[in-house]
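Numbers here are sequence positions counted from 1.
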Amino acid sequence: LPPRPVPSAPAGGSMSVVEHVREMAAAGLHSNVRLLSGLLLTMSGNNPELFSPSQKYQLLVYHADSLFHDKEYRNAVSKYTMALQQKKALSKTSKVRPSTGNAASTPQSQCLPSEIEVKYKMAECYTMLKQDKDAIAILDGIPSRQRTPKINMMLANLYKKAGQERSSVTSYKEVLRQCPLALDAILGLLSLSVKGAEVASMTINIIQSIPNLDWLSVWIKAYAFVHTGDNTRAINTICSLEKKSLLRDNVDLLGSLADLYFRAGDNKNSILKFEQAQMLDPYLIKGMDVYGYLLAREGRLEDVENLGCRLFNISDQHAEPWVVSGCHSFYSKRYSRALYLGAKAIQLNSNSVQALLLKGAALRNMGRVQEAIIHFREAIRLAPCRLDCYEGLIECYLASNSIREAMVMANNVYKTLGANAQTLTLLATVCLEDPVTQEKAKTLLDKALTQRPDYIKAVVKKAELLSREQKYEDGIALLRNALANQSDCVLHRILGDFLVAVNEYQEAMDQYSIALSLDPNDQKSLEGLQKMEKEESPTDATQEEDVDDMEGSGEEGDLEGSDSEAAQWADQEQWFGMQ
């Protein structure tokens, strides 16, 4: 006969072994809990009568919790599942014997881990394993009345990701009903096109009852503008909040401002606000991917590299450092490496719009246009108000000669985001590709430049049009006007090209030099300058050419080297699958 089990309810008030496990779990001694509970569960398996059903349930939950803490999510799920089965059995037995020792069983049932908490932990495991459907299924199974705010919040985010917008709205509203100051739930509702006024009405009581919260209704108004794509009003509203002495120098507001300036095509102000936010919080990660992209576009590759290193020191578990590093590779023309880094960022955060855009652009430049299109479409789904997502997709259509699709998309953007300098220029860009719509392009660009005479993309496209028509004097006037209040590498370079066309060689060289001082990697300015130098000194031309060839071959080799180094990244196809 097996030995009689030691009675688990101890005499003289000393604690049972399961209570010791519970105490260690509460004290956060996870590695200790894992070892002890593992041994006790083996004992229980070898002698099922050693522990009561409620003790087995507790041991399984504490063991699973310690696995969760060690990031062993699949193993944790299996133990949580066993715990829930044990709990079911426990409920059945307690229903059979309702009256036995009621007083004694109450304290024990009180300290049993909550079944709802177990289900929440399981859902967390599933999201970590990227099994969102399973996470939704387990939380959906919890009756609405028993759902805590964190369960509703998690459900709302999961529904939103899965495109189940109505369910998501219901869950966010439930969070606000329970916690009216849940600001992220407010942003969730605004992102799902719930009207700002309706959201504000859900918080009005708390704003009136607590002092110093009068800014909240303005805050809601600001982010309502953000989510309807009304960048100008959003910027003005956030600036009015920022000027209030109590909210001055708030990093989140500055980050939002920087992002809005970026969306409005005002890169200079965007960079300024990002720098301001960064000075206030040197550990800032959010939005740094956009900042890195802007620096890379300006040719400030050394700054991009330093930013990437700094962000990796802060955390390599966020998408941003990988995106910044990817921008450095992309603008150094190392597209395979940029592709790998973009994919790694998406793996860490599948909602990272900047990572999708980086990966899409790298695929496009590598000639994998159809794959690129998938990424740009996903970016549009996540950020329907961001123009750069549509620009990427339209560039793909133009690269594959699908002018009709590009035209349909550009018209849609124009209608949905309204007629501003950016949407007018985007539509004009597509019109320029078709000989039939040249005149329309001209009209659109003139409209854009009337609205914003300094909008660089519109100036560049107008210059392209004037160059085709060989109206160089008009082009020079346009570019000088645009450069009166700003300095931009591309504008200086195009001005150089126009000056060459009217035989103003000396000034053309000056313009190319200015362009290269702004972006030393600008290949076209370098070519323009070298061409000028050759024409200046025809005697050295033959020598120059040899040097040129060597330089060229060196650079080719460099690129090839970087791409063959990156070919090993490309072998890791698992990075490239979209989840």
Task: Straight-line distance of Asp249 CG to Asp281 CG, nearest 0.5 Å - done: 12.0 Å
Open item on the list: Do Leu189 and Leu176 make a side-chain contact, defined as non-hydrogen atoms from C-beta onward lying under 4.5 Å apart?
Closed with: yes
- [ ] To the nearest 0.5 angstrom, please state how far the CG atom of Leu356 sits from the CZ atom of Arg381.
- [x] 9.5 Å
- [ ] Could you check Met407 against Thr437 for side chain to side chain contact (heavy atoms under 4.5 Å, CB included), going step by step and ending with a plain yes or no?
- [x] CA-CA 11 Å; Met407 193 66 88; Thr437 47; 4.3 Å; yes
TODO: Flag the pair Phe225 / Ile235 as yes when at least one side-chain heavy-atom distance between them is below 4.5 Å, and no otherwise.
DONE: no
Open item on the list: Side chains of Ser315 and His318: any donor to acceptor distance under 3.5 Å?
Closed with: yes
- [ ] Begin from the C-alpha positions of Asp474 and Leu478 and carry the test side chain to side chain contact (heavy atoms under 4.5 Å, CB included) through to its verdict.
- [x] CA-CA 6 Å; Asp474 293 358; Leu478 169 81; over 6 Å; no
Open item on the list: Check this for me: Arg404, atom CZ, are more than 12 non-hydrogen atoms of other residues, nucleotides or ligands nearer than 6.0 Å?
Closed with: no
Open item on the list: Parallel, tilted or perpendicular: which one describes the rings of Tyr291 and Phe274, with boundaries at 30° and 60°?
Closed with: tilted
- [ ] Kindly give the heavy-atom pair with the smallest separation between Leu417 and Pro384, and that separation in Å.
- [x] CD2-O, 4.0 Å
TODO: For Phe498, enumerate each residue passing the ring pair (Phe, Tyr, Trp, His ring centres under 6.0 Å) test, keeping only those at least two apart in sequence or located in another chain.
DONE: Tyr472
Task: Any side-chain donor near an acceptor of the partner, Arg364 and Gln370, under 3.5 Å - done: no
TODO: Look at the side chain of Ser352 and the backbone N and O of Asn349, then say whether any donor-acceptor pair between them is shorter than 3.5 Å.
DONE: no
Open item on the list: Using the rule given for side chain to side chain donor-acceptor pair (under 3.5 Å), can you reason through Tyr261 versus Asn267, listing the C-alpha separation, both sets of side-chain angles and the distance that settles it, and then say yes or no?
Closed with: CA-CA 7 Å; Tyr261 280 126; Asn267 295 349; over 6 Å; no
- [ ] Determine, stepwise, if the pair Trp215 / Leu246 fulfils side chain to side chain contact (heavy atoms under 4.5 Å, CB included).
- [x] CA-CA 9 Å; Trp215 53 265; Leu246 286 176; 6.0 Å; no
Task: Side-chain donor or acceptor of Ser270 paired with backbone N/O of Asp266 under 3.5 Å - done: no
Open item on the list: As a quick check of understanding, evaluate salt bridge (Lys or Arg N to Asp or Glu O under 4.0 Å) for Glu275 and Arg300, giving each step before the final call.
Closed with: CA-CA 14 Å; Glu275 282 169 357; Arg300 293 165 58 180; 3.7 Å; yes
- [ ] Look up atom OG in Ser350 and atom CG in Leu382, then write down how far apart they are to the nearest 0.5 Å.
- [x] 8.0 Å
Open item on the list: Side chains of Ser256 and Tyr223 only: does a donor on one sit below 3.5 Å from an acceptor on the other?
Closed with: yes
Task: Taking every non-hydrogen atom, the tightest pair across Ala421 and Thr425 - done: O-OG1, 2.6 Å
- [ ] Check Gly196 against Leu190 and note the closest heavy-atom contact, atom names and distance.
- [x] CA-CD2, 3.9 Å
Task: Salt bridge present between Lys462 and Asp446 (N-O < 4.0 angstrom) - done: yes
Open item on the list: Quick check: closest heavy atoms across Asp252 and Asn250, and the distance to 0.1 Å?
Closed with: N-OD1, 3.1 Å
Task: Side-chain donor-acceptor pair present, Ser168, Lys161, cut-off under 3.5 Å - done: no
- [ ] Identify whether the distance between the nearest side-chain nitrogen and carboxylate oxygen of Arg493 and Asp497 falls below 4.0 Å.
- [x] no
Open item on the list: Under 4.0 Å between a side-chain nitrogen and a carboxylate oxygen: does that hold for Lys461 and Glu433?
Closed with: no
Task: Val460 side chain near Val490 side chain, heavy-atom distance below 4.5 Å - done: yes
Open item on the list: Any heavy-atom pair between the side chains of Leu181 and Leu216 that's under 4.5 Å?
Closed with: yes
- [ ] Working to the nearest 0.5 Å, report the span between CG of Leu341 and CZ of Arg334.
- [x] 9.0 Å
Task: Working for salt bridge (Lys or Arg N to Asp or Glu O under 4.0 Å), residues Glu391 and Lys457 - done: CA-CA 12 Å; Glu391 285 174 341; Lys457 283 183 181 174; 2.9 Å; yes
Task: Residue Lys221 excluded, over 12 heavy atoms near NZ under 6.0 Å - done: no
Open item on the list: What's the separation between atom CG in Leu424 and atom OG1 in Thr443, rounded to the nearest 0.5 Å?
Closed with: 10.5 Å
TODO: Could you tell me whether the side chain of Glu298 reaches within less than 4.5 Å of the side chain of Leu518, counting heavy atoms only?
DONE: no
- [ ] May I ask you to test the His375-Ile346 pair for a side-chain heavy-atom distance under 4.5 Å?
- [x] yes
Open item on the list: Can you confirm whether the side chains of Tyr390 and Asn412 place a donor and an acceptor under 3.5 Å from each other?
Closed with: no
TODO: Give a yes or no on this: more than 12 heavy atoms of other residues, nucleotides or ligands lie within 6.0 Å of atom CD of Gln438.
DONE: yes
Open item on the list: If we count only N and O atoms by modelled type, under 3.5 Å, do the side chains of Ser487 and His492 hold a donor and an acceptor together?
Closed with: yes
Task: Side chain Lys440, main chain Leu432, donor-acceptor under 3.5 Å - done: no
Open item on the list: Going by side-chain contact (heavy atoms from CB on, under 4.5 Å), Leu479 matches just one of Leu491, Leu466, Asp488, Leu499. Which one?
Closed with: Leu491
Task: Test log, rule side chain to side chain contact (heavy atoms under 4.5 Å, CB included), inputs Asp184 and Met153 - done: CA-CA 9 Å; Asp184 200 29; Met153 190 69 194; 3.6 Å; yes
Task: Sub-4.5 Å side-chain heavy-atom contact between Leu398 and Ile394 - done: yes
TODO: Determine yes or no for a side-chain-to-main-chain donor-acceptor pair under 3.5 angstrom, with Gln422 supplying the side chain and Arg263 the backbone.
DONE: yes
Task: Spatial distance of atom CG (Leu253) from atom CD1 (Ile238) [nearest 0.5 Å] - done: 6.0 Å
Task: Contact check, side chains of Ile514 and Gln511, non-hydrogen atoms, under 4.5 Å - done: yes
- [ ] Look at the side chain of Thr228 and the backbone N and O of Ala224, then say whether any donor-acceptor pair between them is shorter than 3.5 Å.
- [x] yes
- [ ] Heavy atoms only: give me the nearest Cys389-Leu357 pair and the separation to one decimal.
- [x] CA-CD2, 3.8 Å
Open item on the list: If you compare all heavy atoms of Leu444 against all heavy atoms of Cys431, which two are closest, and at what distance to 0.1 Å?
Closed with: CD1-SG, 4.0 Å
Task: Backbone N/O of Gly342 and side chain of Trp322: donor-acceptor pair under 3.5 Å - done: no
